[in-house]
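The structure appears below as structure tokens.
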Amino acid sequence: MAATQAMASTREAYGRTLLDLADKHPGIVVLGGDLNVSVFTHLWRDKYPERFFDFGPAEQNMVGVAAGLAASGKIPFVSTFAVFGVERPFDQLRVLVSQPHLNVKLVCTHAGILTGEDGMSAHGIEDLALACSLDGFHVVVPSDAEEASQAVQAAAEADGPFYIRLSRAATPVVHDQSYRFTLGRSETIKQGNDLTIISAGAMVAVSLDAADLLGQSGVIARVVNMHTLKPADEDAILAAARETGAIVTAEEHYVHGGLGSIVAQVLGQHHPTPLEMVALRGYTVSGPAEQLMVRSGLSADSIKSAALKALKRKQG
Amino acid sequence: MAATQAMASTREAYGRTLLDLADKHPGIVVLGGDLNVSVFTHLWRDKYPERFFDFGPAEQNMVGVAAGLAASGKIPFVSTFAVFGVERPFDQLRVLVSQPHLNVKLVCTHAGILTGEDGMSAHGIEDLALACSLDGFHVVVPSDAEEASQAVQAAAEADGPFYIRLSRAATPVVHDQSYRFTLGRSETIKQGNDLTIISAGAMVAVSLDAADLLGQSGVIARVVNMHTLKPADEDAILAAARETGAIVTAEEHYVHGGLGSIVAQVLGQHHPTPLEMVALRGYTVSGPAEQLMVRSGLSADSIKSAALKALKRKQG
Amino acid sequence: MLSSLQPALVREMTVPKTANGNSSTNLNGAWKAPGRVQELEAMARELRRDILQTIFTAGSGHPGGSLSELEILISLYFYALRHDPAQPSWPDRDRLVLSKGHASPGLYAVLARAGYIARDELATFRKLDSRLQGHAHPMTPGVEMNSGSLGMGLSFALGCALAARLDAKDYLVYAILGDGECDEGEVWEAAMSASHHKASNLIAIVDRNRIQNDRFTDEVMSLEPLPLKWRSFGWRVLEVDGHDLPSLLSTIDKARTRRTRPTVIIAHTVKGKGVTFMENNPAFHGRSPNQEEFEQAMKELA
Amino acid sequence: MLSSLQPALVREMTVPKTANGNSSTNLNGAWKAPGRVQELEAMARELRRDILQTIFTAGSGHPGGSLSELEILISLYFYALRHDPAQPSWPDRDRLVLSKGHASPGLYAVLARAGYIARDELATFRKLDSRLQGHAHPMTPGVEMNSGSLGMGLSFALGCALAARLDAKDYLVYAILGDGECDEGEVWEAAMSASHHKASNLIAIVDRNRIQNDRFTDEVMSLEPLPLKWRSFGWRVLEVDGHDLPSLLSTIDKARTRRTRPTVIIAHTVKGKGVTFMENNPAFHGRSPNQEEFEQAMKELA
Ligand SMILES: Cc1ncc(C[n+]2csc(CCOP(=O)(O)OP(=O)(O)O)c2C)c(N)n1
Ligand SMILES: Cc1ncc(C[n+]2csc(CCOP(=O)(O)OP(=O)(O)O)c2C)c(N)n1
Ligand SMILES: [Mg+2]
Ligand SMILES: [Mg+2]
């Protein structure tokens, strides 16, 4: 990401947004797993202690309790790191939350390899494959702090289970406050008709950088911010296929089960189109986030090469 | 499935095959979670009690113990129902088995909606999305008892983690003993060039029935048994795309993260081709397996309609 | 006679609780009314027949654990619970969470008798489009939680119990767990956090029938000393014969009074209770009796 | 002087065990040799500096739990363990599983001193292409298990212990758990099954520093009575001051003898031990000291 860009923390935006929602939604109760400072729910814990419950590192129970609270009319926001909130208690999310379609909001931080130095086990690179396999779940991957804040508000207002995926690292600001997030409706954050880069989360900023690089070589790329992975914005994907004829997906996630899978399925079923996928091909190690991103091919350069490849295939 | 077809139990084939492997592979040890009669490892338990360990319904621990055994040179076969062996201990599979690439063989039965009357929570319809998100795992979905037996032998001989997915219900026999299973190399179980039906597991028999129906209307469908989902046989997928120009995937799994996703990604990245997906679109309820299959659109008729749709799109 | 235990009376038996949250202390001992225990015992005998009929008609299901939990369910639905079968989601209701959801036939038989569902509906168990799922699911009026994956019910029940605190409501939450189910670590996560969060309105009942899916608990996974385990996790522990109604009812009374922390009742039961060849027989954990076995069982329960 | 504790001696100190599986009884008390405890105490002081240097150089890491576990690790690697730093995967080695893998700097410092890795390598901690991962990973010589997700180590250790039985080997398996980690249900699944399967060659050590990630364990999730919990799960329980080397060493000796079931040592420790402003301070669970704090800490440990 261009060092010049303003950065902001999506997880801090989450913690602060929760405070704003407290009065409007008296049903909101926050559940934590001994990571409340890191996920910024300590702000809520200290301000609304009676509406906060800590369960320590015992995530299966935390999700189960959240289901019971939701079944009793509460709006539980459950927060920990992605690997501990999705990968660890998956069966509880499936049986107690997804199947009965309960109103549980799972907001996890430290997803993906941006978690950096903590290493392999801390890198949640399969959380989207898991969350998107839960029928009826809303899965949202905000691209920056502003979008994260609006997504959290949308989750509080909408009924049903949500998974919102946030990062550890501060990420580039790509939206100002005039931006309006609409659940399930993607944002065309940059116009273009030569090809389309579809991405989500922190990769949106990287995709915009890639679009700049492409622009320098005269290729005008469209960039779509597919912030909602489930339900995905099929219309935008198909419009991109029809209007630009070549698609690149860019995601900070394992190559299976994430954004690329979703886009590939939509294209194959409705409008077969050359597709290139920029995604993780395996596990990563400890290291600074930026270095890991480059090493793993989640860089503007690799998106650019993927785009040129897709363009070549489009031209046949 | 045609009532006339011979049926055989893939899980019984598993239990019996394990016994055959006991002497050849003294490192094999079997772990169970209080479902050993249902998964047919009670045969092993009663014959090799000292090489068997029961953990009761405590699947996270069972997988963790398996990892420790594998790290100590053993070949642990871990067996329970799919939802309890994949969905419940997913984080242990990720951190203790997949990331260190340990030699654990997870063989689960009662996957999918063929589990029938037990209902929603017992229907493992997202296990493939989860297993295929584990880098380095082999994921195998045998189409019948003979293939299940050979897949289990292959797992015992190959190094590294495996997930083998079996059914509760006896399923139609589509292979005789002359069949040779090759890990990672799919089987073209029926030739044809009008379109290709790619499926796995019990859906292979249903796909063959669909191919018969199509044949009656003069459409000659190829049927590919993609028994190994990870690593998938990309060559066969691309050959089918080139040679038949239309693809239908048929799977007993949720529409996200399974066979259809894999095929869609391969096609999009290498050879965009009209694709129709026959898969589950949501949770199922209690009921006889056959009724659930029809109700959920996992029938020869729905595959046939999907095929005709794909054919129409191919002809443009 | 038994009809005197239909919904109307159930409601009458469950007048509102005192605000201090020590629920229904005024009701304690109400079951001692002349003839009541005999009525409940007769009901148990009838419902055992309903359970077997339900499973036999379906052709599959879990008789063993349904028969062992029956007196517990009867004690709750026809005495202890504050509930209204006409309003299954009455916000002030006491909750009963069946964590061992495979034993749904026991619950369905009781829900039918209490008036949540029609008795005829039992014949639809496990059939397509029935509301009576193989494992208890909230689509059935009176069922609180989706079940089938063991170990989750106590967490869910704790959530309901904490909601009562947030809403300043005085309802109680009961959770029925299997003994084999206690192998699941989530049960101990829930136990630890329930005492940490002082959920004194949470009452767990362990159906201690000493058998799990395949074999006896001592063979699969030793649980003893089970009372000490719960005590060490901060719970008040009561033990009782889970089939002796007077003891069970008075133990539940005790559990509902002087509550300063969560309480667990370890109910010593017999798996397959009431049918000689099913009692203490692991084979009947999860299979339906065949025609001959069914007739024999119904004869025994006649 | 300290070099007398380098690999060569480590091997010499760990002669083969007797076949009956009661390991190294012949070695018990060997640590009482004149000057040995003083050597180990001096080593602890040095390694505390290495730990802080490692974390400060990396700019992130977990000092609190690395400092609290240090004497435990020293007692194992420089006395109790039968191991050979020159052959990290020697099949007969005793295993040490660090379940609280975030405290890897403590382990790395000890592995470096024992000769598994070069001391210089500590400077690569958390850097790209280092073998010293943020959370302990088997890519480091001497590390048995991939870690970072709490609650898994005791299960893994039990697997190693059962493998010893299958191979008729007499090695012991030690697992170091955090106290906050004991919130995870998998720990209790493992505890229950270890006693059920009579894994008498399994020794768990709980680093009872009374602090977890955010706050004190009493605030986040009460654990007491912790010894009773383990006892009720079938374990022999020993308690000790986890920083007093003589007590720790003799307690480990006790744990290694007369083993008929799994043993847990609850080591009462101080999180951040050795640095005044880190001691009992939750803030230093997971952050590196800044320049000023670092210099202050190194002065204290000079
Ligand atoms: C997580 C999970 N693992 C495994 C199973 C399979 N299973 C169904 S019933 C059962 C035995 C339960 O025994 P217990 O809790 O004692 O029930 P009861 O004896 O009351 O029928 C098992 C292991 C399950 N339902 N859930
Ligand atoms: C499953 C899981 N949940 C949450 C975390 C986040 N986490 C990292 S360290 C920690 C606190 C651990 O406390 P403790 O076990 O007492 O470790 P120590 O005090 O010895 O450092 C937590 C909750 C984790 N690593 N794994
Ligand atoms: Mg039982
Ligand atoms: Mg601690």
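Excluded from the calculations below are hydrogen atoms, water molecules and symmetry mates; all remaining heavy atoms, backbone and side chain alike, are included. Protein chains get the first letters and strands the later ones, always in sequence-line order, with residue 1 at the start of each.
Contact annotation for D:M145: only side-chain heavy atoms (C-beta onward) come within less than 4.5 Å of a heavy atom of chain B. Proximity to chain D is absent for every atom of B:V63, based on heavy atoms less than 4.5 angstrom apart.
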Given B:Q92 and D:E186, is the side chain to side chain donor-acceptor pair (under 3.5 Å) satisfied, shown in steps? CA-CA 10 Å; B:Q92 286 74 14; D:E186 186 186 357; 2.8 Å; yes
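Of the listed residues D:A157, D:A163, D:C160, the one with more heavy-atom pairs under 4.5 angstrom with chain B than any other is D:C160. For chain B, the option among D:A190, D:G159, D:G151 with the highest count of heavy-atom pairs below 4.5 Å is D:G159. Most heavy-atom pairs under 4.5 Å with chain D: of the set B:G68, B:G56, B:P26, this distinction falls to B:G68.
Atom CG in D:L162 sits 9.5 Å away from atom OG in B:S72 (nearest 0.5 Å). Here OG of D:S149 is found 8.0 Å from CG of B:L96. Values are rounded to the nearest 0.5 Å. Rounding to the nearest 0.5 Å places CD of B:Q99 at 10.0 Å from OG of D:S147. The distance from the CG atom of B:L31 to the OG atom of D:S193 is 10.0 Å, given to the nearest 0.5 Å. Atom NZ of B:K74 is separated from atom CG of D:L166 by 5.0 Å, given to the nearest 0.5 angstrom.
Looking at D:L158 and B:F53, their side chains never come closer than 4.5 Å, going by heavy atoms from C-beta outward. Counting heavy atoms from C-beta on, the side chains of B:N61 and D:M152 never come closer than 4.5 Å.
D:H197 contributes a side-chain N or O that, together with a main-chain N or O of B:D54, makes up a donor-acceptor pair within less than 3.5 Å.
Residues of residues 98-106 of chain D lying within less than 4.5 angstrom of chain B, judged on heavy atoms, are absent. Within residues 33-40 of chain B, no residue has any heavy atom closer than 4.5 Å to a heavy atom of chain D.
Remark: D:K127 NZ is packed, more than 12 non-hydrogen atoms of other residues, nucleotides or ligands lying under 6.0 Å away. A 6.0 Å sphere centred on CZ of D:R261 holds more than 12 heavy atoms belonging to other residues, nucleotides or ligands.
A search for side chain to side chain donor-acceptor pair (under 3.5 Å) contacts involving B:T109 returns nothing, not counting sequence neighbours. In this structure B:E146 satisfies the side chain to side chain donor-acceptor pair (under 3.5 Å) test together with B:Q150, sequence neighbours excluded.
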